[in-house]
Amino acid sequence: MRFHILTLFPDMVRQGLATSIIGNAIDNGLIELNLVNIRDYTQDRHNKVDDYPYGGGAGMVMQAQPVYDAWRSVVDGIGRRPRCIYLTPQGRLFDQPMARSLAQEEELIFLCGHYEGVDERVLEEIVTDQVSIGDYVLTGGELPAMVMADAIARMVPGVLTNEESGSTESLEGGLLEYPQYSRPAEWMGREVPPVLLSGDHQKVEAWRHEQSVLRTLQRRPELLEGADLSREDVKRILEEIRS
């Protein structure tokens, strides 16, 4: 899988994705990262990529031409127009199902805006998806692009060394992850739940699922609407609500 990230700050993105699991995936050739500096495509002799907005107002707007030419360089190299994601608070909220869906793509382009935004005309020309990572405003699209790239890359086969971990972590199946424990069995008077020490894998899995349901009810109840719940799960939720 190849991530093509159009940005004014390629070093920021490179440093952010060069470590840990994603960095290893890049080193092992499972993920390719193509950082495209939008400023390299400006036709302005002072290397400007922004200008004042028509109609007045505060701030500057990224101009269409350098953004389009940066995007065009990627498209020409690939030979087709892959999905192009513009990171914006106005977009659809990014979630785990979207990460899983995007992981099926071979190529993805991320457009990182800055200043007061990007000329609407180039967005209409090149963008296929407008995506937000939350209802707040950041300085630019680089951090959201890194968040999305990290979440998507984890879904790519071979990126996670433990094949099971990608399908059992938080938000898979619409539920939050169950509590996790490690050694020692007792710490500061707090003990690991006995079922986890029993060696009975069936009971462990049942306990973990129950904890996922209850934790989701307590912390993110809105997720339950889209979760795959059994009758026993619904009964357990009702009992928790009544208690």
Side-chain angles (χ1 to χ4, degrees), residues 1 16-17 19-25 28 30-31 85 87 89 91-105 108 129 131-136 143-243:
M1 176 169 222
L17 294 177
T19 59
S20 190
I21 290 174
I22 308 307
N24 290 336
N28 293 329
L30 297 169
I31 300 292
I85 299 167
L87 293 313
R92 175 187 163 192
L93 190 63
F94 182 61
D95 56 17
Q96 193 70 3
M98 188 190 298
R100 194 180 306 111
S101 174
L102 291 172
Q104 305 304 311
E105 304 287 335
L108 286 173
D129 305 84
V131 181
S132 168
I133 64 166
D135 294 332
Y136 44 84
L143 289 174
M146 286 188 278
V147 167
M148 289 188 65
D150 187 293
I152 294 166
R154 293 172 64 84
M155 300 293 104
V156 174
V159 168
L160 298 180
T161 54
N162 181 351
E163 290 297 333
E164 186 184 28
S165 62
S167 60
T168 59
E169 57 193 359
S170 284
L171 301 178
E172 286 297 332
L175 298 173
L176 299 182
E177 191 176 19
Y178 47 80
Q180 296 277 17
Y181 299 88
S182 185
R183 296 177 182 178
E186 180 179 342
W187 178 77
M188 294 185 68
R190 299 173 183 265
E191 297 182 352
V192 172
V195 65
L196 299 180
L197 307 176
S198 68
D200 189 323
H201 296 297
Q202 189 171 353
K203 288 183 179 179
V204 168
E205 289 305 313
W207 179 87
R208 285 175 169 173
H209 180 71
E210 176 184 346
Q211 292 299 310
S212 288
V213 172
L214 295 178
R215 178 163 284 193
T216 305
L217 173 64
Q218 294 162 359
R219 300 183 181 183
R220 295 288 304 279
E222 75 279 6
L223 294 176
L224 292 172
E225 184 176 351
D228 185 15
L229 300 174
S230 65
R231 287 186 178 182
E232 289 74 17
D233 293 333
V234 175
K235 181 180 178 181
R236 190 177 294 117
I237 290 169
L238 292 174
E239 289 174 350
E240 179 71 12
I241 292 174
R242 290 170 184 154
S243 64

Undergrad: Using 0.5 Å steps for rounding, measure from the NE2 atom of H209 to the OH atom of Y178.
TA: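 So the gap between those two atoms works out to 12.5 Å.
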Undergrad: Stepwise, does the side-chain contact (heavy atoms from CB on, under 4.5 Å) test hold for V159 with I31?
TA: CA-CA 8 Å; V159 168; I31 300 292; 4.2 Å; yes
Undergrad: Taking atom CG of L229 and atom CD1 of I237, what is their separation to the nearest 0.5 Å?
TA: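 Result: 5.0 Å between the selected atoms.
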Undergrad: Compare every heavy atom of G91 with every heavy atom of S132, then report the nearest pair and how far apart it is.
TA: CB-O, 3.6 Å
Undergrad: Is there a donor-acceptor pair closer than 3.5 Å between any side-chain N or O of T216 and the backbone N or O of P221?
TA: no
Undergrad: At what distance, to the nearest 0.5 angstrom, does CG of L108 lie from CE of M1?
TA: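 One finds 4.0 Å between CG of L108 and CE of M1.
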Undergrad: Could you tell me the separation between the CG atom of L224 and the CD atom of E222, rounded to the nearest 0.5 Å?
TA: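 L224 atom CG to E222 atom CD measures 8.5 Å (nearest 0.5 Å).
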Undergrad: What's the separation between atom CD1 in I22 and atom CG in D150, rounded to the nearest 0.5 Å?
TA: 4.0 Å
Undergrad: Could you list the donor-acceptor pairs under 3.5 angstrom formed between side-chain atoms of residues 192-201 and any protein atom two or more places apart in sequence or on another chain?
TA:
residue: S198; atom: OG; partner: V195; partner atom: O; Å: 2.7
residue: S198; atom: OG; partner: D200; partner atom: N; Å: 3.2
residue: D200; atom: OD1; partner: Q202; partner atom: N; Å: 3.2
residue: D200; atom: OD1; partner: K203; partner atom: N; Å: 3.1

Undergrad: Please determine whether the number of non-hydrogen atoms from other residues, nucleotides or ligands lying under 6.0 Å from atom CG of N28 exceeds 12.
TA: yes
Undergrad: What do the steps show when you test R242 against E240 for salt bridge (Lys or Arg N to Asp or Glu O under 4.0 Å), and what is the final call?
TA: CA-CA 5 Å; R242 290 170 184 154; E240 179 71 12; over 6 Å; no
Undergrad: Can you pull the side-chain hydrogen bond (donor to acceptor under 3.5 Å, both in side chains) pairs that have at least one residue in residues 179-193, sequence neighbours excluded?
TA: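 Listed by first then second residue: E177-Q180.
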Undergrad: Is there a donor-acceptor pair under 3.5 Å between the side chain of S212 and the backbone N or O of L176?
TA: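 Yes, because the side chain of S212 sits within donor-acceptor range (under 3.5 Å) of the backbone of L176.
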Undergrad: Does L102 form a side-chain contact (heavy atoms from CB on, under 4.5 Å) with I85? I'd like the steps, not just the answer.
TA: CA-CA 10 Å; L102 291 172; I85 299 167; 3.9 Å; yes
Undergrad: Taking side chain as C-beta onward, heavy atoms only, is V131 less than 4.5 Å from L93?
TA: no
Undergrad: Do R215 and P179 come close enough that some side-chain heavy atom pair is under 4.5 Å?
TA: yes
Undergrad: In Å and rounded to the nearest 0.5 Å, what is the CD1 to CZ distance from I152 to R154?
TA: 12.5 Å
Undergrad: Does any non-hydrogen side-chain atom of I241 lie less than 4.5 Å from one of L217?
TA: yes
Undergrad: Step by step, would you call E205 with R208 a salt bridge (Lys or Arg N to Asp or Glu O under 4.0 Å)?
TA: CA-CA 5 Å; E205 289 305 313; R208 285 175 169 173; 3.6 Å; yes
Undergrad: Yes or no on side-chain contact (heavy atoms from CB on, under 4.5 Å) for M155 and Q104, after CA distance, side-chain angles and deciding distance?
TA: CA-CA 9 Å; M155 300 293 104; Q104 305 304 311; over 6 Å; no
Undergrad: Checking side-chain contact (heavy atoms from CB on, under 4.5 Å) between M146 and each of L17, I133, L87, which is the one that passes?
TA: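 It is L17, the one option of L17, I133, L87 that forms the side-chain contact (heavy atoms from CB on, under 4.5 Å) with M146.
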